[in-house]
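Please read the structure below before turning to the comments.
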Number of protein chains: 2
Amino acid sequence: MGSAETERLPNSSFAVLGMLTFGEASGYDLVKLAERSLEFFWAPAKSQIYSELRRLVAAGLATEREVEQADRPDKRLYRITPAGERALRRWLEERPEHEPFKSEFLLKLFFGHQMSRERLLALVEGHRRDSQEALERLREIGAQIDGDPRFRSARLTLEYGIAHFRANVSWCDRALRTLKGGEG
Amino acid sequence: MGSAETERLPNSSFAVLGMLTFGEASGYDLVKLAERSLEFFWAPAKSQIYSELRRLVAAGLATEREVEQADRPDKRLYRITPAGERALRRWLEERPEHEPFKSEFLLKLFFGHQMSRERLLALVEGHRRDSQEALERLREIGAQIDGDPRFRSARLTLEYGIAHFRANVSWCDRALRTLKGGEG
DNA sequence: GCTGGCATGTAACAAGTTACATGATTTT
DNA sequence: AAAATCATGTAACTTGTTACATGCCAGC
């Protein structure tokens with residue numbers, strides 16, 4: 001009997017499934033991997049990774065095997081199945097749907113008329129600093145994976161991040177000019 | 001006794017509270033208002049707006065009054081209280097915390113090595129189209145509120161959106177060149 | 001010999017979404 | 001007169017987060 005492949009899984013399941021294409025791994029491994037790679041555009045709580053793994057096994061998209069360890073807590077290793085690979089490809093080939101983008105910063109900015117001008121300036125300046133820092137982090141990562149052909153797709157996502165934080169910084173600069181220039 | 005102002009509320013509560021600064025409104029009104037204004041950076045389900053309203057009342061940050069209507073279903077109107085205004089200001093003045101940004105598109109791109117080159121190109125091209133459309137929508141809105149001083153902060157958020165979709169489009173162009181240029 | 005971090009996970013809770021409910025009014 | 005839309009909201013469910021649990025090992 002085929003597995004319950006018809007169930008509609010959320011993107012988070014596929015994020016975990018995708019990480020499993022890099023090889024057999026424990027929940028803990030994936031938590032670490034996610035922190036190092038997906039972090040910028042998909043940052044789940046670790047408990048979520050564990051529950052996605054259980055769901056993938058239930059759906060027949062991954063297998064689980066228990067490994068006893070003497071020095072450490074026992075662990076469970078997960079491996080993607082052929083059905084899992086097919087499901088992943090199908091998902092990859094579907095058009096992403098409109099992404100609602102959520103920003104506490106923009107929310108505060110939108111209600112900026114309730115703030116003093118100083119506070120509003122501080123808000124934008126803080127955002128500029130944060131963006132600048134993020135930019136530097138991404139550039140460091142970029143330098144590390146530079147030229148390595150294994151990271152072709154990853155590099156694209158990295159450049160996406162860089163482009164966005166750069167846009168952020170220059171938007172901040174313009175906004176600051178506007179806010180300082182406009183009659184108070 | 002003062003109200004339970006110590007409870008830590010989520011940003012969504014403040015989004016609703018912020019909208020109440022525009023005047024007394026029903027849940028329905030706020031749903032519509034959110035669709036027209038916050039939509040780009042904060043897009044809650046309508047049922048969430050209703051539950052935030054209940055929470056605001058419970059916390060003493062808004063008041064509720066029932067209005068009977070003959071032709072339509074009865075409604076409840078909400079109004080921000082002085083405590084609500086204070087709470088809003090306090091929240092506005094706190095530094096936004098690091099925003100985890102979530103993107104189905106980037107997730108798929110990151111696993112791009114599992115896709116054929118054609119699919120990968122289609123993914124990026126689709127993203128370019130979507131960004132271009134969003135850009136046009138925002139520009140239309142921009143033309144409508146142009147120069148109106150009531151929308152000073154709103155205009156800044158709009159320009160933020162425009163900057164980002166423009167960055168999107170040019171990133172897509174670069175990525176497409178890379179993908180087409182690189183050896184298959 | 002205590003403290004903090006690694007390695008591995010679960011349980012309890014909060015946030016957010018989709019589907020449902022209801023009756024009038026306008027459109028086809 | 002049937003279908004769609006407006007106006008108003010609730011219930012049931014899914015997703016995602018924070019807090020908790022456990023034992024080893026390394027550094028102070």
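Throughout, protein chains are lettered first and strands after them, A, B, ... in sequence-line order, and every chain is numbered starting at 1. Heavy atoms only: backbone and side chains are in, while hydrogens, waters and symmetry mates are out.
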For this session: Verify whether the ring centers belonging to F101(A) and F40(B) lie closer than 6.0 Å.
Result: yes
Exercise. Do you know which two heavy atoms are closest between L77(A) and S26(A), and how far apart they sit?
Worked result: CD2-N, 3.5 Å
Problem set entry | Ring center gap for F105(A) and H98(B) short of 6.0 angstrom | no
Problem set entry | Degree of bending in the helix from dG1(C)-dC28(D) to dT28(C)-dA1(D) once both end axes are built from five pairs, to 10° | 30°
Exercise. Which atoms form the tightest heavy-atom contact between F111(A) and L38(B), and what is the distance?
Worked result: CZ-CD2, 4.4 Å
Seminar exercise, completed: One should read off an interatomic distance between F165(B) CZ and C172(B) SG, to the nearest 0.5 angstrom, of 11.0 Å
Exercise. Atom CZ of R65(B) to atom P of dT8(D): distance rounded to whole Å?
Worked result: 13 Å
Exercise. For E93(B), what residues pass the salt bridge (charged side-chain N to carboxylate O under 4.0 Å, His left out) criterion, not counting sequence neighbours?
Worked result: R119(A)
Exercise. With the sugar-phosphate defined as primed atoms, P, OP1 and OP2, and the base as all remaining atoms, what B/S/- string results for nucleotides 4-16 of chain C, 5' to 3', for protein heavy atoms under 4.0 Å?
Worked result: --SBBBBB---SS
Problem set entry | Output field: ring centroids H164(A)/F41(A) closer than 6.0 Å | no
Exercise. Going by atom types alone, do E85(A) and T21(A) pair a side-chain donor with an acceptor below 3.5 Å?
Worked result: no
